[in-house]
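Before any comments, here is the structure.
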Number of protein chains: 2
Amino acid sequence: MELRTLRYFVAVADELHFGRAAARLHMSQPPLSRAIKQLENEVGAALFDRSPSGVSLTPVGAVLLDEARTLLDQADRLRIRVAAAAGTAAITVGFLGDSADPGAARLADAYRRRHPQVEVRIRETDLTDPTCGLHAGLVDVALTRGPFDETGLTVRELRADPVGALVRADDPLAGRDSVKLADLADRRWFLFPEGTDPVWQSYWNGGAPREGPVVRAVQECRQAVLWNGTIGMTLLNHQQAAGLAVVPLIDMPPSRVVVAWNEGDTNPLVRSFVGIAIAAYRDGRTH
Amino acid sequence: MELRTLRYFVAVADELHFGRAAARLHMSQPPLSRAIKQLENEVGAALFDRSPSGVSLTPVGAVLLDEARTLLDQADRLRIRVAAAAGTAAITVGFLGDSADPGAARLADAYRRRHPQVEVRIRETDLTDPTCGLHAGLVDVALTRGPFDETGLTVRELRADPVGALVRADDPLAGRDSVKLADLADRRWFLFPEGTDPVWQSYWNGGAPREGPVVRAVQECRQAVLWNGTIGMTLLNHQQAAGLAVVPLIDMPPSRVVVAWNEGDTNPLVRSFVGIAIAAYRDGRTH
DNA sequence: TGCCGCCGATACCGTACGGGTATCGTCGCA
DNA sequence: TGCGACGATACCCGTACGGTATCGGCGGCA
């Protein structure tokens with residue numbers, strides 16, 4: 001009964017699906033099945049009911065899940081305390097500077113409160129890097145927004161924000177209840193610079209190549225719309241400056257608020273941050 | 001940072017000696033050194049100072065030791081709770097029926113108090129089996145007395161009891177302050193039956209082959225001495241019946257009170273019992 | 001009813017890591 | 001200065017943990 005095995009078990013218990021749990025663990029399904037079977041042998045009781053209709057926890061499995069969660073949590077705290085004693089307890093958190101999430105700063109504070117000995121460094125990026133420097137190794141974990149190229153990263157969704165078209169308040173579309181992408185086909189859209197994540201770029205351009213001014217930050221987007229007669233996409237729940245309007249776009253998938261980190265990073269500080277973030281969003285404290 | 005590695009670390013930190021720690025872990029020294037080095041790499045700091053004068057903990061190592069002890073303890077409690085949920089939490093404890101240790105029953109009670117869900121079975125043996133059935137697999141752990149054949153067992157010493165010659169109160173030796181084995185060379189000694197652990201048998205006969213009546217239990221020993229004019233060895237701290245006397249034997253090593261279990265048994269119930277026993281004897285609550 | 005797709009289990013394989021033995025380097029001590 | 005103690009290093013080997021390919025059972029659907 002090693003910690004790794006318990007992490008496997010918790011993943012399966014969370015997903016109640018061997019395939020998805022294996023994906024979350026960045027491994028294939030057969031070794032996971034085998035590991036769980038070995039754990040069941042060691043415990044001497046079945047932990048899951050594998051019925052055709054799905055996987056469910058047995059009573060013994062429920063007990064183990066509770067215990068395993070606390071043990072894994074304590075194991076992470078052990079690593080954090082030791083790192084603090086060694087003077088190496090530091091984490092760099094990236095935030096996307098879209099002002100989309102007033103909870104970001106609050107999240108950093110919550111983290112500092114939970115781990116006072118840890119040095120928390122903040123790195124805020126503009127809209128040209130949705131990974132906030134994750135790919136470049138500049139940050140350990142990012143609280144940001146999708147979609148972007150996720151290769152080499154692990155991503156957890158926290159919330160989904162519907163998006164709308166950002167237009168001038170005097171635009172003909174400004175009064176509409178909703179618009180479709182087709183309504184915006186002939187407009188100029190703001191663009192992100194060359195080299196910006198292609199998935200991200202494509203999303204905010206509604207999936208089509210566009211013409212328009214190059215911008216890097218939220219303020220620039222607004223200015224582009226106000227001054228150049230271009231349009232763009234933004235979040236419905238954004239507060240907009242005077243002179244601008246947002247019309248719901250009904251044929252665009254929402255933009256997901258996510259927490260992301262480099263795949264295979266076992267840094268407990270990162271795990272702890274992810275846990276705090278998920279809990280905070282689940283409890284709705286950042287809405 | 002798996003639990004196994006932390007157990008290695010705790011062993012080295014306990015012994016402050018790689019060789020002895022390896023012996024306690026039933027492994028050789030090189031892999032242990034390597035594992036500790038890997039752990040140090042993972043932590044990012046040295047855990048031990050290897051100076052020629054010996055091994056000592058670094059400050060970071062001291063923090064890890066404290067944290068690791070509690071984590072390992074919680075891991076054991078996890079296994080116990082899960083076993084209790086699975087209905088398989090049971091331990092059989094062997095006691096040597098020499099009445100030598102009034103703390104034995106108290107120890108079992110302390111254990112039941114600590115783990116109420118665990119079924120604790122007691123097996124008390126006579127003097128013909130100092131392992132209380134460990135070798136035969138009849139018990140999981142034994143609170144007993146040395147020396148005996150320790151092959152296949154792990155033994156921890158709890159206390160050392162000096163021994164003396166058990167004689168009739170009217171024996172010429174009864175008044176002496178102390179005796180030597182040579183003083184007893186021509187006496188009849190009580191014997192344990194054929195098949196009794198040879199190390200044990202030899203010890204209680206002062207290391208020499210003897211002639212005399214065969215006995216199995218403490219009462220029989222006393223009766224043999226009282227009725228047949230034989231002698232024997234016993235513990236100095238025993239209360240003796242009227243008509244008997246005990247004279248300190250100055251050239252016999254003391255008999256060690258030990259807790260023993262089968263080598264390689266990772267049953268957390270056993271580990272927990274051992275921990276409770278060691279703590280109880282260290283605190284002197286059973287003297 | 002027969003086909004397909006989903007999903008966990010099984011079979012089998014390669015590699016990496018954790019165990020072993022042999023030996024070295026260094027320091028204290030007689 | 002030689003020897004013993006002890007941790008580190010070098011090297012070897014088996015196992016166990018990862019992978020891919022495939023099976024078996026069940027449910028949905030035409």
Side-chain angles (χ1 to χ4, degrees), chain A residues 1-43 45-58 60-61 64-65 68 72 151-152 154 263-266, chain B residues 1-43 45-58 60-61 64-65 68 72 151-152 154 263-266:
Chain A
M1 173 153 338
E2 291 300 308
L3 294 176
R4 179 175 47 84
T5 316
L6 292 179
R7 290 192 211 284
Y8 290 0
F9 168 74
V10 170
V12 177
D14 278 346
E15 301 286 343
L16 291 178
H17 187 290
F18 280 71
R20 279 196 300 275
R24 174 197 282 211
L25 294 166
H26 306 301
M27 65 190 292
S28 60
Q29 168 259 322
L32 179 59
S33 285
R34 194 176 52 194
I36 298 296
K37 173 170 285 189
Q38 284 170 353
L39 183 60
E40 287 176 319
N41 277 340
E42 198 176 341
V43 166
L47 299 171
F48 295 104
D49 282 326
R50 285 88 153 171
S51 78
S53 57
V55 174
S56 61
L57 273 174
T58 64
V60 176
L64 179 59
L65 178 60
L72 292 174
T151 54
T154 306
E263 196 173 298
D265 189 346
T266 61
Chain B
M1 176 156 331
E2 291 300 308
L3 294 176
R4 180 174 45 85
T5 316
L6 292 179
R7 289 191 211 286
Y8 289 0
F9 167 74
V10 170
V12 177
D14 278 346
E15 300 287 342
L16 290 178
H17 187 291
F18 280 73
R20 279 197 299 276
R24 174 196 282 209
L25 294 165
H26 306 300
M27 66 190 291
S28 60
Q29 169 258 321
L32 179 58
S33 284
R34 195 177 51 194
I36 298 296
K37 173 171 285 188
Q38 284 170 353
L39 183 61
E40 288 177 319
N41 277 340
E42 198 175 342
V43 167
L47 299 170
F48 294 104
D49 281 326
R50 285 88 152 170
S51 78
S53 56
V55 175
S56 62
L57 273 174
T58 64
V60 177
L64 179 59
L65 178 60
L72 291 173
T151 54
T154 306
E263 196 174 298
D265 189 348
T266 62

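Lettering of chains follows the sequences in order, A, B, ..., and the numbering in each one begins at 1.
Judged by closest nucleotide on DNA chain C, B:Gln38 is the one of B:Gln38 and B:Pro30 placed further toward the 5' end. Nearer to the 5' terminus of DNA chain D, by closest-nucleotide assignment, is the contact made by B:Arg20 (compared with the other of B:Lys37 and B:Arg20).
Residues B:Leu16 and B:Ser56 approach most closely at CD2-CA, 4.0 Å, considering heavy atoms. For the pair B:Ala35 and B:Tyr8, the tightest heavy-atom approach, listed with the atom from each and the gap, is CB-CD2, 3.8 Å. When all heavy atoms of A:Met1 and A:Val43 are compared, the pair lying nearest together is CE-CG2, 4.1 Å. The nearest pair of heavy atoms linking A:Gly61 to A:Phe9 is O-CZ, 3.4 Å. Closest heavy-atom contact between B:Leu32 and B:Ala22: CD2-N, 3.5 Å.
Near DNA chain D, meaning a heavy atom under 4.0 Å away, there are no residues from residues 9-18 of chain A. DNA chain D lies under 4.0 Å from no heavy atom of any residue of residues 1-8 of chain B.
No side-chain heavy atom of A:Leu65 sits less than 4.5 Å from a side-chain heavy atom of A:Leu47. Side-chain contact between A:Phe48 and A:Leu57 is present, with heavy atoms from C-beta onward closer than 4.5 Å. Counting heavy atoms from C-beta on, the side chains of A:His26 and A:Thr154 come closer than 4.5 Å. Contact check for A:Val55 versus A:His17: no side-chain heavy atoms found under the 4.5 Å cut-off. A:Leu64 is listed as a side-chain neighbour of A:Leu6, based on a closest heavy-atom distance under 4.5 Å.
As a whole-Å value, the separation of B:Leu39 CG from D:dG7 C1' is 17 Å. For B:Asp49 and D:dG7, the CG to P distance is 13 Å, given to the nearest whole Å. Atom P of nucleotide D:dG18 and atom CD of A:Gln29 are separated by 14 Å, given to the nearest angstrom. Remark: P of D:dA8 and CZ of B:Arg34 are 13 Å apart, rounded to the nearest angstrom. Atom pair A:Met27:CE and D:dT20:P shows a separation of 11 Å (rounding to whole Å applied).
Under a 3.5 Å cut-off, the side chain of A:Glu40 and the backbone N or O of A:Ala46 do not form any donor-acceptor pair.
Of all nucleotides in DNA chain C having an atom under 4.0 Å from a heavy atom of chain B, the first and last in 5' to 3' order are C:dG18 to C:dC27.
Sorted by first and then second residue, the salt bridge (Lys or Arg N to Asp or Glu O under 4.0 Å) pairs involving residues 30-39 of chain A (not counting sequence neighbours) form an empty list.
Rounded to 10 degrees, the angle separating the terminal helix axes of the helix from C:dT1-D:dA30 to C:dA30-D:dT1, each built from five base pairs, is 10°.
Qualifying salt bridge (Lys or Arg N to Asp or Glu O under 4.0 Å) partners for B:Asp14, counting only residues two or more places apart in sequence or in other chains: B:Arg24, B:Arg69.
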